[in-house]
Protein chains: 2
Amino acid sequence: MNLTYETFLQEFEQWVGDEWQCLFDMYHQKLNLKNRNIATKKFKTIIEGVFKLSHQKGFQAMTMRDLSQETEISMGGLYNYFSNKDQIAEMIHAGMVHMAEACLKIKEYRHKDPVFELNELLARHIFLSERLKKWFYFVFMECRSLERELIADIIASEQFMETAILERILDANAQNLSQCHNPDFVAAMLKVMLQEWYLKSWKYIEKDINADQYVANLLLSVYHLTQVK
Amino acid sequence: MNLTYETFLQEFEQWVGDEWQCLFDMYHQKLNLKNRNIATKKFKTIIEGVFKLSHQKGFQAMTMRDLSQETEISMGGLYNYFSNKDQIAEMIHAGMVHMAEACLKIKEYRHKDPVFELNELLARHIFLSERLKKWFYFVFMECRSLERELIADIIASEQFMETAILERILDANAQNLSQCHNPDFVAAMLKVMLQEWYLKSWKYIEKDINADQYVANLLLSVYHLTQVK
DNA sequence: AAAAAACGAGCAAATGTTCGTTTTATTTGA
DNA sequence: TCAAATAAAACGAACATTTGCTCGTTTTTT
């Protein structure tokens, strides 16, 4: 495993591109937006404002007047870029899913070595959530503002991740590469360690620990928890 | 370590007692409540209603009319048991802090064996958060509805926990009982594993894993992550 | 009969959203 | 090349709801 955040970023750029362009592509038709240049800038301003305010007091507590003040866009102006408040949360969710899929699609092959695969899986997830930190945080914290269908979406994709981790541990055990006695539990804990990275990112900024260092520590933990030989 | 949840519960009963009585003791004066019997029942109904509704859609999104309907208490009736909406969140926070302190005060001594101490610390935290699951969940998820001072409170107590864990790991290393190469990281991860228990409790109910089993797995992880000898 | 608790219609303030108007950007035509 | 004309985007006061909360009254308890 020697994928670094830097090389990951290049991949991301290539496969996903820019988050605001992405939003434009997904919603310009529905919203009757013509000018790509203007619209992407506005999306950036607005969504970053939403991230800021909802981080401070939560999405529900953020009022459209707050957002208008924060972004310096009038109430009427704002409503050109979404059809109602709840749709903002929906757009952020859909955008994140879209980008995550575009980014992980590359790696659908299965490598021979389950230990390698597990490391790769974990590292990629950390790097993706580093790149889309605020998106991940928002979706986790504000998912109750979403429709039921979308919540099911989130739970399913979390479950998918946990299962993917578990399978690699079981494979490694089967191939006698590791000796993990509580694979279910370890898989669950590894998933939580992934979440920690974007939920408490301020802690790691304070401690001066970057994504690469976090991954290194994480993989060391995997090594111990699964008793890799 | 052979503290079980059952024996912990007895301790809790003895030192803390009942959460609704606790709320009555803390607030009956300020709220001019005379009848203990009636008031504790109402507190139970109301706070459990708050837990249910804010779990569904968040505290901010819960309206007093929702709460009135859920608890089958009129708007005016509700306001006998708190002075305004924000105070509900405050009461839950203060109540939890009060109970946690009452419960942990017992164990302020320092044992000789840091490994034993660490195990005890973790187990007690899991058991406490099991007993007060909904309180912990609420405080974590809704802390943005609290005043700044109280938020600082929460962060401080989290930091305190992490430091306590870290100290035991360092002690164990120093006494050559363990060989942990990344104690800071491991301490942070152990704290997240504690949070997992109350944040995703539904997962473990589904998987039929109780607090005792979770603790067993957690301590096994400590053993591996710190390379106890 | 006096005190405590519960009621719920009603008030003022806040909030999401709209829409007629103004400003800015783009296209057209001479 | 540069106005005139058209389209797109931004504005923000105004509207209908919603929301937190009160208070005069009624019901229940002591």
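Quick note: numbers below take in every heavy atom, side chains included, and nothing from hydrogens, waters or symmetry partners. So you know, we letter chains A, B, ... as the sequences are listed, proteins then strands, and number each from 1.
Of the candidate nucleotides C:dA6, D:dC21, D:dG12, D:dG12 has the atom lying nearest to any side-chain atom of A:S74. Distances were taken from every side-chain heavy atom of A:N80 (C-beta onward) to each of D:dA9, D:dT30, C:dT17; the shortest belongs to D:dA9. For A:K34, whose side chain is taken as the heavy atoms from C-beta onward, the closest listed nucleotide among D:dT30, D:dA9, D:dG20 is D:dA9.
Ring centroid separation for the pair B:F24 and B:F43 does not come in under the 6.0 Å cut-off. For B:Y27 and B:F82, the distance between ring centers is not under 6.0 angstrom. The aromatic ring centroids of B:F12 and B:F127 lie 6.0 Å or more from each other. The aromatic ring centroids of A:F51 and A:Y137 lie 6.0 Å or more from each other.
Remark: the A:Q60 side chain and the A:R144 side chain contain no N/O donor-acceptor pair separated by less than 3.5 Å.
Distance B:K42 NZ to D:dT29 P: 10 Å, rounded to the nearest Å. Rounded to whole angstrom, the span from the CG atom of A:L67 across to the P atom of C:dT17 amounts to 12 Å.
For the pair A:K85 and A:F59, the cation sits on the ring face: its NZ or CZ lies under 6.0 Å from the ring centre, inside 45° of the axis.
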Contacts under 3.5 Å, N or O only, protein and nucleotides 13-19 of chain D:
none

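A:Y81 comes within 4.0 angstrom of sugar-phosphate atoms only, judged by non-hydrogen atoms across all strands, and of no base. Using a 4.0 Å heavy-atom cutoff across all strands shown, B:L78 reaches no nucleic acid atom at all.
Phosphate proximity of D:dT30 to B:N35: present, with a side-chain N or O under 4.0 Å from OP1 or OP2.
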